[in-house]
Amino acid sequence: MDPRVKKRATAQGSKTFKEFAEEQYPDWCQGLSEEELKQWQRSIRDVPGLHDKKLQEITTEHVLEALKAIWTVKPVTASRTRQRIERLMDAAKALRLRTGENPAAWRGNLKHLLPSPRKLNRKKGHRSAPYTKMPGMMTGLRYDLGNAARCTEVGILSVARSQEIRLMEWTELDFEARTWMVPAEKMKIKGELEPKPHLVPLSDQAIDIIQSMPRTDKYVFPSDHAEEHQPFRANALVGAIERTAVKSTMHGCRTSFRNWGADNKEHNFRREVLEFCLSHRVGDEAELSYWDSEMIKRRREALQAWADFIKPRKNTSGEQPPERKRQRLKLVA
């Protein structure tokens, strides 16, 4: 490296990691959801050991020490924090505020020093209930009057991820088409480096709940515990589920749906339809290059059948249900 460049980087590298991060990530979050900004803030907050370190002096050992505190406790979050640190270090190098290799790089670096976050998350797993318990869970949620319960109900009916349903906005809904368009920035699609918008066909039950919500601002399910209009945090939905006495998480409810769909003999759903409902892509690169169908009709059938299973529709035909035959009892003298 040119000694003059190295000298300039050393001189300018007096800026601390926290100072530089707070200068950079707000601009990177422009045009994205508010949740993205909050996640950046949490990531920086989770590595206090780096806050006062000068950009030029940060080493792999410093990053490793900062990540170890959260790596096994919340592996997915910690992995994203590492990615954000790596991006900041790349930006610092591009701006000539530091030199050398990126101390937060995964390949050829931290990969050999930390256990795989995927394996850690797989061991921890997501609590999921047998799908036979899902109707009971939905009954419990029905008697919970808070907004968090309504948000959880629609999330389970649409098999959405926690972030997607908590950040649902009125402008994303098309009541005439009975669909919900989840923007790309809110998506985390398995197998795709660049997420795309995901169109969700809504069941009758989901539409009824959404339309019962008062339209006070942009979010459909605003927190009823916050002073300002803002979405719930993830633990609010987990809390709503726990109050039903069924042990599961929002992600676990997606597992319940997938198991129900696989076992369902009445409809015999195709694997691709069920995976697409979960916003997963299946098939290799060659197959996907020829496959651009949204499968809206088939997914609508699957999600409506799921809704009818866990939250049966009320009888709106006006017809009286057939009388049950009662067993005649013999009189005892």
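Basis for what follows: all heavy atoms, side chains included, without hydrogens, waters or symmetry-related copies.
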Which pair of non-hydrogen atoms, one from [X] and one from [Y], has the smallest distance, and what is that distance?
| X | Y | result |
| --- | --- | --- |
| Ala302 | Val273 | CB-CG1, 4.2 Å |
| Pro201 | Leu199 | CD-O, 3.6 Å |
| His51 | Val47 | CD2-O, 3.3 Å |
| Leu237 | Ser162 | CD2-OG, 4.1 Å |
| Ala177 | Arg300 | O-NH2, 3.1 Å |
| Asp204 | Arg178 | OD1-NH2, 2.9 Å |

Between [atom1] of [X] and [atom2] of [Y], what distance do you get to the nearest 0.5 Å?
| X | Y | atom1 | atom2 | result |
| --- | --- | --- | --- | --- |
| Leu173 | Ile210 | CG | CD1 | 5.0 Å |
| Arg299 | Leu278 | CZ | CG | 10.5 Å |
| Glu22 | Leu88 | CD | CG | 10.5 Å |
| Phe276 | Arg270 | CZ | CZ | 11.5 Å |
| Ile209 | Ser203 | CD1 | OG | 7.5 Å |
| Gln41 | Asp46 | CD | CG | 12.0 Å |

Tell me whether [X] is salt-bridged to [Y], with the criterion being a basic N under 4.0 Å from an acidic carboxylate O.
| X | Y | answer |
| --- | --- | --- |
| Lys53 | Glu65 | no |
| Glu275 | Arg258 | yes |
| Glu301 | Lys297 | no |

Legend entry - Test item: Met168 and Met213 side chains (from C-beta on) under 4.5 Å apart, heavy atoms: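 No, side chains not in contact.
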Inset, instruction - Give a yes or no on whether Val238 and Phe232 share a hydrophobic cluster (residues Ile, Leu, Val, Met, Phe, Trp, Tyr; joining criterion: side-chain heavy atoms under 4.5 Å apart). - result: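 No, because Val238 and Phe232 fall into different hydrophobic clusters, even though each may have its own neighbours under 4.5 Å.
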Counting only heavy atoms not in [X], do more than 12 sit closer than 6.0 Å to its [atom1] atom?
| X | atom1 | value |
| --- | --- | --- |
| Arg298 | CZ | no |
| Glu101 | CD | no |
| Lys218 | NZ | yes |

Throw together a table of side-chain donor-acceptor distances under 3.5 angstrom for residues 135-154, partners on residues two or more places apart or in other chains.
{"unit_1": "Thr139", "atom_1": "OG1", "unit_2": "Pro135", "atom_2": "O", "d": "3.0"}
{"unit_1": "Asp144", "atom_1": "OD1", "unit_2": "Gly146", "atom_2": "N", "d": "3.2"}
{"unit_1": "Asp144", "atom_1": "OD2", "unit_2": "Arg243", "atom_2": "NE", "d": "2.9"}
{"unit_1": "Asp144", "atom_1": "OD2", "unit_2": "Arg243", "atom_2": "NH2", "d": "3.2"}
{"unit_1": "Asn147", "atom_1": "ND2", "unit_2": "Pro222", "atom_2": "O", "d": "3.1"}
{"unit_1": "Arg150", "atom_1": "NE", "unit_2": "Glu153", "atom_2": "OE1", "d": "2.8"}
{"unit_1": "Arg150", "atom_1": "NH1", "unit_2": "Asp144", "atom_2": "O", "d": "2.7"}
{"unit_1": "Arg150", "atom_1": "NH1", "unit_2": "Gly146", "atom_2": "O", "d": "3.4"}
{"unit_1": "Arg150", "atom_1": "NH2", "unit_2": "Leu141", "atom_2": "O", "d": "2.6"}
{"unit_1": "Arg150", "atom_1": "NH2", "unit_2": "Asp144", "atom_2": "O", "d": "3.0"}
{"unit_1": "Arg150", "atom_1": "NH2", "unit_2": "Glu153", "atom_2": "OE1", "d": "3.1"}
{"unit_1": "Thr152", "atom_1": "OG1", "unit_2": "Ala148", "atom_2": "O", "d": "2.7"}
{"unit_1": "Glu153", "atom_1": "OE2", "unit_2": "Lys311", "atom_2": "NZ", "d": "3.2"}

Legend entry - Donor on one side chain, acceptor on other, Gln39 and Arg84, under 3.5 Å: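 Yes, a side-chain donor-acceptor pair sits under 3.5 Å.
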Legend entry - Between Arg161 and Ser279: side-chain donor-acceptor atoms closer than 3.5 Å: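 Side chains of Arg161 and Ser279: pair found under 3.5 Å.
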Legend entry - For Leu67, the option from Ile85, Leu50, Leu113 that meets side-chain contact (heavy atoms from CB on, under 4.5 Å):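 Of the listed options, the one satisfying the test is Ile85.
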Inset, instruction - If you link ILVMFWY side chains whenever their heavy atoms are less than 4.5 Å apart, which other residues fall into the same cluster as Leu167? By chain and number, please. - result: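 Grouped by the 4.5 Å side-chain rule, Tyr219 form the rest of the cluster around Leu167.
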Inset, instruction - Kindly state each residue pair satisfying ring pair (Phe, Tyr, Trp, His ring centres under 6.0 Å) with at least one member in residues 82-117, sequence neighbours excluded. - result: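 Listed by first then second residue: Trp71-Trp106.
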Inset, instruction - Take the angle between the ring planes of Phe257 and Trp306 and call it parallel below 30°, perpendicular above 60°, tilted in between. - result: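 Perpendicular.
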Legend entry - Full working for side chain to side chain contact (heavy atoms under 4.5 Å, CB included) between Ile241 and Thr249: CA-CA 7 Å; Ile241 291 175; Thr249 62; 5.8 Å; no
